[in-house]
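Everything below concerns the one structure shown next.
For reference, positions follow the sequence shown, starting with 1.
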Amino acid sequence: MASRMTAERYGRMTAGLRSRPGAVRCLRVADAAVRVVFYVAFAALLALFFLRSRWVTGACVAVTLAVGFAVLSDVRARVDAPRPYEALAIEPLLDARHAGTSFPSRHVFSCMAIATCWSAMSVPVCAVLVALGVAEAAVRVVGGVHFPRDVVVGALCGVATGALALVAAIPLRAVVGVG
């Protein structure tokens, strides 16, 4: 939380990484790689829904996640919470492009929403994606661009949105009679 995170605590938490430039590069690569994995995972999930004639579920997932992302973005803009590097005057390890808009984390929201939706297709893939989402949450905090509360709320909103997408598809499938 913002009140528990201090510049000194963050400095101690990241001292080992900062002393090894290669470690900082690995953190940045991990952040970017997880994003790519989730882009691919989302595209693959939608493709599988459509290839398996579950197009109603696929459409419901796509629309619900898009609307959820838009709503989360609006809430985030309205809250306009400072990022750790603004509130604590620290040097973040990740590229910091947008001041404010720290709460909640859209990266973690997206990871967990996509992972949750994968539960309808493959529980093992869902589990791997949840683990990657948790790793992304840690990277965003250690990277100095989110507070722990930002990633926790982003994760909870993502799981809720993913579950809503799957549940909302049930009556739609009954009405349409397929997919």
Under a single-linkage definition using a 4.5 Å side-chain heavy-atom cutoff for Ile, Leu, Val, Met, Phe, Trp and Tyr, are V130 and V153 assigned to the same hydrophobic cluster?
no

Going only through I, L, V, M, F, W and Y residues with side-chain contacts under 4.5 Å, is there a path from V125 to L46?
yes

Nearest heavy-atom neighbours spanning G162 and L65:
CA-CD1, 4.3 Å

Counting only N and O atoms by type, is there a donor-acceptor contact under 3.5 Å from the side chain of Y10 to the main-chain atoms of G144?
yes

pair C111-L132: side-chain heavy atoms closer than 4.5 Å
no

Show the nearest heavy-atom pair for residues A115 and L129, with the distance to one decimal.
CB-CB, 3.6 Å

Heavy atoms of V145 and P92 approach each other most closely as CG1-CB, 4.5 Å

Could you tell me whether the side chain of R83 and the main chain of S102 form a donor-acceptor pair under 3.5 Å?
no

Would the distance check show the side chain of W118 and the main-chain N or O of A41 forming a donor-acceptor pair, the cut-off being under 3.5 Å?
yes

What one should report as the nearest heavy-atom pair of A165 and C60 is O-SG, 3.5 Å

Would you say the side-chain atoms of T14 pair up with the backbone N or O of L17, donor to acceptor, closer than 3.5 Å?
no

Can you check whether C126 reaches T116 side chain to side chain, under 4.5 Å on heavy atoms?
no

How long is the gap from CG on L156 to OG1 on T161, to the nearest 0.5 Å?
10.5 Å

Residue that, paired with T101, satisfies side-chain contact (heavy atoms from CB on, under 4.5 Å) out of R76, R78, R106
R76

What distance separates L27 CG from R18 CZ, expressed to the nearest 0.5 Å?
10.0 Å

Exercise: identify the closest heavy-atom pair between M5 and P148
CE-CD, 4.2 Å

Starting at CZ of R149, measure out to CZ of F103 and round the result to the nearest 0.5 Å.
6.5 Å

Is it the case that atom CZ in F50 sees more than 12 heavy atoms from other parts of the structure closer than 6.0 Å?
yes

How many angstroms lie between atom CD of E136 and atom CZ of F109, to the nearest 0.5 angstrom?
14.5 Å

Treat each ILVMFWY residue as a node, draw an edge where side-chain heavy atoms are under 4.5 Å apart, and state whether V75 and V152 are in one component.
no

When L93 is tested against each of V24, V139, D31 for side-chain contact (heavy atoms from CB on, under 4.5 Å), which residue passes?
V24

State, to 0.1 Å, how close A99 and E86 come at their nearest heavy-atom pair, and which atoms those are.
CB-OE2, 2.9 Å

Look at the side chain of T64 and the backbone N and O of V61, then say whether any donor-acceptor pair between them is shorter than 3.5 Å.
no

Donor-acceptor pair, side chain of D150 and main chain of F147, under 3.5 angstrom
yes

In Å and rounded to the nearest 0.5 Å, what is the CE to CZ distance from M112 to F38?
7.0 Å

Answer yes or no: are there more than 12 heavy-atom neighbours, outside R25 itself, under 6.0 Å from its atom CZ?
no

Check: G16 main-chain N/O paired with R20 side-chain donor or acceptor under 3.5 Å
yes

Verify same cluster id: L164, V159 (apolar side-chain graph, 4.5 Å):
no

Treating R140 as the side-chain partner and S105 as the backbone partner, does any N or O pair qualify as donor plus acceptor under 3.5 Å?
no

Inter-residue atom distance F42.CZ - C117.SG, 0.5 Å rounding
7.0 Å

Are R9 and M13 close enough, and set up right, to give a side chain to side chain contact (heavy atoms under 4.5 Å, CB included), and what steps lead you there?
CA-CA 6 Å; R9 182 176 272 174; M13 181 174 68; 5.5 Å; no

If hydrophobic clusters are built by linking Ile, Leu, Val, Met, Phe, Trp and Tyr wherever their side-chain heavy atoms come under 4.5 Å apart, do F69 and V108 end up in the same one?
no

